[in-house]
Amino acid sequence: MGTAGTLIAVVFAVAGVLLYLQVKTIFEVPPLPKLEDTWWGPRAPSREDTAIKPFKINVSDQILKDLQQRLANALPFQAPLEGVKQNYGINTNLLKDIVEFWKTKYDWREREKYLNQYPQFTVSVQGLKLHYIHVKPVEAKGLKVLPLLLLHGWPGTVREFYEIISLLTTAQKGRDFVFEVIAPSLPGYGFSEAAVRPGLGAAQMAVVFKNFMKRLGFEKYYIQGGDWGGIIVHHMATLFPEKIIGVHSNMCFVNSPFTNLKLFLGSYYPSLVVSKEFEDKVYPLSQKYAHILLETGYMHLQATKPDTIGVALRDSPVGLAAYILEKFTTWTDPTWKDLEDGGLTKKFTITNLLDNVMIYWVTRSITTSMRLYSETFNKAQFGLQLERIPIEVPSGCARFLNELVYQPESLLKERFKNLVHSSDYDGGHFAAFEVPQVLAEDLFIFTEKVEILSKPDQ
Ligand SMILES: *[C@@H]1O[C@H](CO)[C@@H](O)[C@H](O)[C@H]1NC(C)=O
């Protein structure tokens, strides 16, 4: 063989090895990482007070007076362009009406009573004082009581769960089980303390909530979440399968090289990926990606410079409301962008929406809430490759058709190896808040399946 021949042979050999490594990484499952019980709080570890303490929301008069002053002193809004509705962000004519309602009709002291209707507690875990709602079923005679951890996301709070909690903790006709609900505020959100040092991403929150449930005395339990809550419960199922009886989410997704390849091939043969009925939820990919790009500017910002935008939102209640409420229009229904009033009152009340905004405002937690993006979208967290490790515990996925990303079972099964239940519903991103009955019923159906499957005589 001549020099040229040798060279070609070497080039082919190298190319072959590279291709092999590439293909191998597509199919290879990364090892399960071991995460530390990091101390996130401001106090010294020796001073961890492990007691569970009752908690009531009771905002000071001073915070409320300051809010009224800021609302009264807000500069007049920039008028929207003619006819644009919500297409340049929230329409300030809509915002003006909301702020007027906030100033004159919204009564926080009344809402505080509403928010305090469920028993709430705090407990310190890894140095963070965490706030949570804990509701046991009223009437559970003869029923199996199943503990359920419910996790919210951004820009949500535990307020999203008030309607669904009563449904989940009420005995259902024909069902021999009922839930005991534990709904914490994520670290850095609402009434839970925030980390004082970098690194508390979604994976580390999974560790915090595993330890939190242990502290509450639960060895095995169900978990449910959407948005960040969904990401965290899936990490819990990946990292601590022995703790989880079943994991249910209204935001299931897979993100692996193989899935992306399949999605791409599906552009040519959609039936490989998705049934005819839901084809337009996945394809054409270019349209889907354009839509994702249009709706995720906030994510890039929060994943890179949360503290900068945080300064503005923390200082201005009208700015905070604009930033949060915009998400409740477009994420609930993208077509609401073309409505004068953003469609908000079709599914929510302004009072309920303001409860959620108020929890961010009175706790001054918008900046720390947004940091979850920076702490998760980074090299260290991506390096864990948690999303590529299959989830073996029984899983349920409720797909709401207005969710940003739609993934059919053919894709979900790459990650959810034990997908016992998945279904499609009308509705959007904030399912618990928007359609509590639908989400509760899906959770009951899923749990029924898991309970039957886990009976020893099956
Ligand atoms: C809230 O706190 C104030 C002053 O600290 C107190 O007088 C009031 O009784 C508290 N309200 C509730 C509902 O706990």
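Counting starts at 1 for both ligands and their atoms, following the listed order.
- With W331 as the partner, the ring-ring contact (aromatic ring centres under 6.0 Å, His included) test is satisfied by one option alone out of W336, Y298, F400: Y298.
- Using a 4.0 Å cut-off between charged nitrogen and carboxylate oxygen, K346 and D333 do not count as a salt-bridge pair.
- Side-chain atoms of E48 come within 3.5 Å of backbone atoms of G127 as a donor-acceptor pair (strictly under, hydrogens ignored).
- A salt bridge links D355 with R159: at least one charged nitrogen is closer than 4.0 Å to a carboxylate oxygen.
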Could you go through ligand 1 and list every pair where one of its N or O atoms sits under 3.5 Å from a protein N or O, giving the atom names and the distance to one decimal?
from: ligand 1; atom 1: 2 (O); to: N58; atom 2: ND2; distance (Å): 2.3
from: ligand 1; atom 1: 11 (N); to: N58; atom 2: ND2; distance (Å): 2.9
from: ligand 1; atom 1: 14 (O); to: N58; atom 2: ND2; distance (Å): 3.4

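- Residues H421 and D442 have side chains that bring a donor and an acceptor to within less than 3.5 angstrom of each other.
- A 4.5 Å side-chain heavy-atom check between F218 and L149 finds every atom pair outside the cut-off.
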